[in-house]
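A quick write-up on the structure given underneath.
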Protein chains: 2
Amino acid sequence: MNEENVKVQMRKGILEYCILAILSREDSYAPKIIAELKAAQMIVVEGTLYPILTRQKNAGLLTYRWEESPQGPPRKYYMLTEAGRQQLAMLDEAWEELVEQIKVIRGK
Amino acid sequence: MNEENVKVQMRKGILEYCILAILSREDSYAPKIIAELKAAQMIVVEGTLYPILTRQKNAGLLTYRWEESPQGPPRKYYMLTEAGRQQLAMLDEAWEELVEQIKVIRGK
DNA sequence: GATTGAAATATTGCATAACAAGGCTTACTG
DNA sequence: CAGTAAGCCTTGTTATGCAATATTTCAATC
């Protein structure tokens, strides 16, 4: 297991949390979401993001609307549903728990 | 995606970190490692732990020795190698980075 | 008007990880 | 010597992230 793979594995499942968090601040579309994740030093590619967005939409956590773009094809703006907001709150708790668990195990 | 699945996914790759951290304090064997994780509210089953220990041993991060048990068959005590200690230090950094990234994204 | 290029959407195939379920071996105890 | 507990391990399933690629839309240029 090399270093990059470790980081990939550590992030698994956490991306779902990050995407809901980003959408909770402002409706957004795929390339912008990727840019925001990148700004937080969290590199994500399209092949990763699109399936997550589709899963979350199918789970009723997100909906979307089409919006014209100044250049190029229209953008698919995603936004949280009420269920999405509840899921985000749950993931907030799960994340806090995980951080606490690691603190206990690491002895810090 | 239900709540349990979310937690499973969030933990991916992090278990590897936890196991190295536990072994850095004291050599240990599988059932005891599981008990320590459970004490930190991190439930792990044998079918998860054994493959990780084998992977880490094959990667040169761990070695083991056999030790008699007061009752039952002998125990396989795992211990960190120098490479394992280095990996642990690297995972410490990766974890800190991840926590920082989430803080940025979550806006807390 | 045809072509090129960029922006945006989306899918497919692969590698890996966690878990459920079950099996195997060793030692102690009645 | 039969039963039980402790300990070790493997197989099959499912889900995830990613590389690679395809498709669509629009604008600008030739």
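The sequence lines fix the lettering, A, B, ..., with proteins before strands; numbering per chain opens at 1.
Listed nucleotides: C:dT16, C:dA18, C:dT9. Nearest to the side chain of A:P31: C:dT9. Of the candidates D:dG17, C:dT16, C:dT9, the closest approach to any side-chain atom of A:T48 belongs to D:dG17. Proximity note for B:Y50 (side chain, C-beta onward) versus C:dT26, D:dT25, D:dT10: the nearest is D:dT10. Ranking C:dC19, D:dT25, C:dT11 by closeness to the A:P51 side chain, first place goes to C:dT11.
A donor-acceptor distance shorter than 3.5 angstrom exists from the side chain of B:T81 to the backbone of B:G60, with no hydrogens or angles considered.
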When you look at B:L20 and B:Q87, which way does the side chain to side chain contact (heavy atoms under 4.5 Å, CB included) test go after all the steps?
CA-CA 8 Å; B:L20 293 181; B:Q87 175 85 342; 3.6 Å; yes
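Of the side-chain N and O atoms in B:R55, one or more sit less than 4.0 angstrom from OP1 or OP2 of C:dA17. Note on B:R11: every side-chain N or O is 4.0 Å or more away from OP1 and OP2 of C:dA17. When the side-chain nitrogen and oxygen atoms of A:Y29 are compared with OP1 and OP2 of C:dT9, none of them lie within a distance under 4.0 Å. Residue B:S69 places none of its side-chain N or O atoms closer than 4.0 Å to OP1 or OP2 of D:dA6.
Remark: C1' of C:dA18 and CD1 of B:I33 are 16 Å apart, rounded to the nearest angstrom. For A:K38 and D:dC18, the NZ to P distance is 14 Å, given to the nearest whole Å. A straight line from CG of B:L98 to C1' of D:dG17 spans 15 Å, rounded to a whole angstrom. What separates CD1 of A:I34 from P of D:dG17 is a distance of 13 Å, to the nearest Å. C:dA27 atom P lies 7 Å from atom CD of B:E68, rounded to whole Å. Taking atom CZ on A:R75 and atom P on D:dC26, their separation rounds to 13 Å, with Å as the unit. The OH atom of A:Y17 sits 19 Å away from the C1' atom of D:dT16 (whole-angstrom rounding). In this structure, CE of A:M10 is placed 14 Å from C1' of C:dA17, rounded to the nearest angstrom.
When each of A:L15 and A:E46 is assigned the nucleotide of DNA chain D with its nearest heavy atom, A:L15 is the one assigned upstream, toward the 5' end. For B:P70 and A:V45, each mapped to the nucleotide of DNA chain D holding its nearest heavy atom, the one lying further toward the 5' end belongs to B:P70. The residue among A:T54 and A:Q71 whose nearest nucleotide of DNA chain C is located toward the 5' end is A:Q71.
Heavy atoms of A:K12 sit under 4.0 angstrom from at least one base atom.
Cluster membership for B:L37 and B:Y50, using ILVMFWY side-chain heavy atoms within less than 4.5 angstrom, is not shared. Under the 4.5 Å side-chain heavy-atom criterion for grouping Ile, Leu, Val, Met, Phe, Trp and Tyr, B:I34 is connected to B:Y17 within one hydrophobic cluster.
A salt bridge does not link A:R11 to B:E97: none of the charged nitrogens lies less than 4.0 Å from a carboxylate oxygen.
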